[in-house]
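Step one of this worksheet: look at the structure below.
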Amino acid sequence: MARINLRKFIAEHYKGGVTARDVIREAITNSIHAKATDIKVNLRFSERQGEIFNHVSERVVLEGISIEDDGEGFTRDNVNYFDEICTSHKDRIGGKGVGRLSYLKYANKVHVKSQLEDELVEFPYTPDFNVSDVKRCAQSGPRLTVITLTDLKEQINTHVRNLVASLCDDLRLLVFLKYQAGQSITITFHHNSGQPFDETHQLVGRDIKTERTRTFEVNSEIFDCYMFKDLPPSKGIVAMLCADELCIEEYTISKRFDICRYQISITSPYFNMRSNIERKRLEIPKDADLVSPISRDELMRRIHHECMEMINEADEGEIEKFKSGNVERLKKFYPFIDVSSLGGNAALLDADEIVRSYRVQQSRREDQLVDAIQQGIQPSWDDVSHLASDDLARFIVHRALVIDSLSKMPNDAAEEVIHRSILPKRSDGSDIRENNIWLIDDKFLSYSSIFSDEALSKILLEVNQKVERDQKRKPDVAAFFSKDDMDSPNKLVIVEFKKPGADLFDNNKSLVQCRLYASELADRIETIREVFAFSIVDIDSQFYRDMKQQGFKDVFSLSDRVVYNDFEVGGETNIPLHMYVLPASALIKDAQARNKVFEDVLRLNLEDSLRNSAGA
């Protein structure tokens with residue numbers, strides 16, 4: 001028999017990477033074709049992670065893989081087939097006859113051991129494999145074949161949950177159909193990774209049930225569909241495009257289908273002919289031609305339609321519930337998006353798709369305006385206005401999300417979370433979506449963080465060091481400023497945070513410290529003419545009564561107590577200090593009320609768009 005240069009063949013036909021998923025799927029498929037009913041996959045992870053990090057029990061580096069089965073094993077005929085590339089005996093069972101080459105692409109060492117009824121067969125599998133390398137010895141025992149891959153060529157972070165779930169998805173249809181034909185298969189996955197996933201997981205043929213089956217035709221090609229349902233928390237809708245009953249490509253219809261997860265496996269003689277030699281993609285042309293009368297776009301649209309119809313028939317109303325939920329999410333999170341521009345299918349789109357489509361449209365419109373300006377063409381004022389209004393709408397929705405997040409926080413996290421929201425750590429406040437001083441009051445929307453100005457940032461650092469040294473307390477404040485006509489800072493905003501649970505004396509001390517802090521900054525920033533200070537602190541009845549005795553006045557708030565008083569700070573000049581004391585809950589509720597006016601306008605616009613789109 002003519003020899004083939006396996007090294008060159010592998011390099012030519014396996015140019016892409018080979019993954020653990022590829023080699024395990026290939027091995028399991030071969031086991032099934034060998035009439036195995038009990039297949040075990042063992043994923044062995046190295047100890048290196050634990051050696052490097054003494055307190056880490058999780059191992060993430062996959063070190064070796066073994067696949068064992070009770071199939072017919074490596075008989076003399078099967079060994080000869082193993083030595084042949086593109087074996088013809090695989091044709092009738094849907095094989096390419098080259099899949100085992102993926103072992104050599106993935107691992108430096110591949111060892112095969114096969115116990116036949118009265119003989120033990122053993123050999124290393126290498127690119128230089130020859131039938132003469134096979135060792136045989138007389139030995140009786142139950143049929144068991146083990147293929148072991150070690151010294152893997154890539155040591156990567158392998159997530160067992162994702163790997164096993166993907167393999168079960170790939171093999172579900174094949175295992176289901178084999179059970180229908182009388183071959184009851186159990187595949188057991190075992191791992192020692194220490195990752196948060198059951199050490200043993202099984203895919204059992206007798207347990208796989210279809211929710212519905214369906215057949216459709218495209219240009220005389222027949223496609224069979226099998227719908228499987230995964231209960232929550234799994235979600236989404238995915239079509240598994242199968243060649244010879246094995247998944248080759250995934251076509252995601254929805255990543256966030258709310259009710260549960262549907263997997264629709266689709267198989268066809270057309271797919272069998274279109275699978276590439278490595279079984280990693282279907283070679284379907286973008287446009288129909290003489291060889292393939294079906295285009296990829298046409299086929300995917302039809303698959304999308306058939307899958308949605310199957311779900312509607314199996315669980316009446318679930319698609320409508322999903323669409324209604326998506327519309328509600330659109331209203332809440334994406335009211336600035338023109339629904340009619342998404343082709344009338346906005347309710348079926350996932351949030352990721354909506355945002356992606358919207359951003360592509362926005363970028364295109366912005367590029368067109370820039371091109372027009374560069375070419376000396378005066379852009380349309382309407383176009384500029386629309387882009388500006390979209391940006392404003394996005395900002396209002398961003399505000400709503402920030403407020404919604406704050407409203408759900410526990411009370412004992414108020415100080416840290418609000419501080420992080422008003423000015424995140426490691427932020428200089430230059431990004432409008434990081435500088436959330438509007439939470440205090442919308443009139444401060446144009447103020448900049450002191451950290452965004454080098455000179456002021458240096459002054460703030462000096463004051464922080466002095467306060468910490470004199471008062472034995474590290475200040476917990478955020479500071480913002482505005483500028484006058486001479487581009488000099490003229491108004492200052494200080495936000496101080498006080499941990500909840502302090503007593504009356506500590507709370508009063510906090511107010512004094514806030515005034516001293518404001519005075520230190522006013523002394524050092526000579527152009528400051530007015531200071532606003534906000535002390536975020538819990539106000540109980542005792543503290544409220546004491547502040548009222550000090551002359552603090554009540555300020556309107558939706559529900560919580562908020563008080564205010566005027567002071568003077570600074571050394572040589574008396575600079576007015578307007579001091580507000582309020583709990584975190586008041587800050588959040590008042591900001592929510594202010595922003596709701598804008599949200600309501602945006603939702604109204606969205607509802608009009610949806611009605612117009614439905615009417616069209």
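All of these numbers come straight from a predicted model, not from anything done at the bench.
A donor atom on one side chain and an acceptor atom on the other are not found under 3.5 Å apart for D244 and S275. Side-chain contact check for D22 and T19: at least one donor-acceptor pair (N or O, by modelled atom type) lies under 3.5 Å. Checked by atom type, the side-chain pair T215/D224 shows a donor-acceptor distance below 3.5 Å.
Legend: residues meeting ring pair (Phe, Tyr, Trp, His ring centres under 6.0 Å) with H201, ordered by chain and number and at least two apart, are F197. Under the side-chain hydrogen bond (donor to acceptor under 3.5 Å, both in side chains) criterion, S132 pairs with N130, sequence neighbours left out. Evaluation of the salt bridge (Lys or Arg N to Asp or Glu O under 4.0 Å) rule for D170 yields R21, R25 as partners, not counting sequence neighbours. Every ring pair (Phe, Tyr, Trp, His ring centres under 6.0 Å) that F271 has, sequence neighbours left out, goes to F223. Residues meeting the ring pair (Phe, Tyr, Trp, His ring centres under 6.0 Å) test with Y262, sequence neighbours left out: F257. Contacts of D230 classified as salt bridge (Lys or Arg N to Asp or Glu O under 4.0 Å), with partners at least two apart in sequence or in another chain: R172, R261. The salt bridge (Lys or Arg N to Asp or Glu O under 4.0 Å) check on E249 picks up R296, with sequence neighbours excluded. Not counting sequence neighbours, the partners of S265 by the side-chain hydrogen bond (donor to acceptor under 3.5 Å, both in side chains) test are Q263. With sequence neighbours excluded, no residue forms a side-chain hydrogen bond (donor to acceptor under 3.5 Å, both in side chains) with R206. Residues satisfying the side-chain hydrogen bond (donor to acceptor under 3.5 Å, both in side chains) criterion with T188, sequence neighbours excluded, are Q202. With sequence neighbours excluded, the residues forming a salt bridge (Lys or Arg N to Asp or Glu O under 4.0 Å) with E119 are R76, R136, listed by chain and number. For Q180, the side-chain contact (heavy atoms from CB on, under 4.5 Å) partners are F176, not counting sequence neighbours.
The two residues L282 and A243 make their nearest non-hydrogen contact at CD2-CB, 4.4 Å. Of all the heavy atoms in I39 and A36, the pair that sits closest is CG1-CB, 4.0 Å. Considering all non-hydrogen atoms of both residues, A314 and M227 come closest at CB-CE, 3.3 Å. Nearest heavy atoms, I222 versus P269: O-CD, 3.8 Å. M310 approaches C225 most closely through the heavy-atom pair SD-CB, 3.6 Å. Residues P142 and Q115 approach most closely at O-CG, 3.3 Å, considering heavy atoms.
In this structure, CZ in R44 is found 8.5 Å from CG in L62, a value given to the nearest 0.5 Å. I294 contributes atom CD1, which lies 8.0 Å from atom CD1 of I284 (distance to the nearest 0.5 angstrom). A distance of 11.5 Å separates OG1 in T158 from CD in E63, rounded to the nearest 0.5 Å. If you take OG on S114 and CZ on F74, they are separated by 6.5 Å, rounding to the nearest 0.5 Å. Taking NZ from K40 and OG1 from T200, the interatomic distance works out to 10.5 Å, rounded to the nearest 0.5 Å. Atom-to-atom distance recorded for L173:CG and C247:SG is 9.5 Å, nearest 0.5 angstrom.
For the pair E217 and S220, the minimum side-chain heavy-atom distance is below 4.5 Å. Contact annotation: the side chain of T37 never approaches that of Y179 to less than 4.5 Å [non-hydrogen atoms, C-beta and beyond]. When side chains are defined from C-beta on, L163 counts as touching L43, because their heavy atoms get closer than 4.5 Å. Residues L149 and I147 are in side-chain contact: their nearest non-hydrogen atoms beyond the backbone lie under 4.5 Å apart. The shortest distance between side-chain heavy atoms of I248 and L241 does not fall below 4.5 Å.
In terms of modelled atom types and a separation under 3.5 Å, the side chain of S268 and the main chain of Y270 share a donor-acceptor contact. Although no hydrogens or angles enter the test, the distance criterion places no donor-acceptor pair under 3.5 Å between the side chain of H159 and the main chain of R161. Judged purely by atom type and a 3.5 angstrom limit, N219 uses its side chain to pair as donor or acceptor with the backbone of P293. Of the possible donor and acceptor atoms, one in the side chain of N108 sits under 3.5 Å from a partner among the backbone N and O of D151. Between the D70 side chain and the D38 main chain, a donor and an acceptor come within less than 3.5 Å of each other. One N or O on the side chain of S193 and one on the backbone of Q195 form a donor-acceptor pair closer than 3.5 Å. Put simply, the side chain of H190 gets close to the backbone of E199: a donor and an acceptor are under 3.5 Å apart.
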**Message:** Please determine whether side-chain contact (heavy atoms from CB on, under 4.5 Å) holds for the pair Y251 and M300, giving the CA-CA distance in whole Å, both sets of side-chain angles, and the decisive distance to 0.1 Å.
**Reply:** CA-CA 8 Å; Y251 169 51; M300 294 307 157; 4.0 Å; yes
**Item:** Derivation of the salt bridge (charged side-chain N to carboxylate O under 4.0 Å, His left out) call for R281 and E283
**Value:** CA-CA 6 Å; R281 69 177 184 275; E283 296 176 339; 3.4 Å; yes
**Request:** Start with the C-alpha gap between L171 and T29, add the side-chain angles, then the distance that decides, and say whether side-chain contact (heavy atoms from CB on, under 4.5 Å) holds.
**Result:** CA-CA 8 Å; L171 297 160; T29 304; 4.0 Å; yes
**Request:** Give the intermediate values and the outcome of side-chain contact (heavy atoms from CB on, under 4.5 Å) for residues C168 and L203.
**Result:** CA-CA 7 Å; C168 290; L203 179 67; 4.1 Å; yes
**Request:** I would like to know whether R143 and E72 meet salt bridge (charged side-chain N to carboxylate O under 4.0 Å, His left out); could you show each step before the answer?
**Result:** CA-CA 7 Å; R143 286 187 179 271; E72 60 188 23; over 6 Å; no
**Request:** Show your reasoning for whether salt bridge (charged side-chain N to carboxylate O under 4.0 Å, His left out) applies to E298 and R302.
**Result:** CA-CA 6 Å; E298 174 191 14; R302 183 64 182 275; over 6 Å; no
**Item:** Residue pair E68, L144: steps toward the side-chain contact (heavy atoms from CB on, under 4.5 Å) verdict
**Value:** CA-CA 7 Å; E68 62 180 70; L144 179 67; 3.8 Å; yes
**Prompt:** Step by step, would you call S66 with T148 a side chain to side chain donor-acceptor pair (under 3.5 Å)?
**Reply:** CA-CA 4 Å; S66 65; T148 305; 5.1 Å; no
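For E313, the CD atom counts as densely surrounded, since its 6.0 Å shell holds more than 12 non-hydrogen atoms of other residues, nucleotides or ligands. In K135, the NZ atom is not crowded: 12 or fewer heavy atoms of neighbouring residues, nucleotides or ligands sit closer than 6.0 Å. In Q183, the CD atom is crowded: over 12 heavy atoms of neighbouring residues, nucleotides or ligands sit closer than 6.0 Å. Heavy-atom neighbours of K113 NZ from other residues, nucleotides or ligands within 6.0 Å: at or below the threshold of 12.
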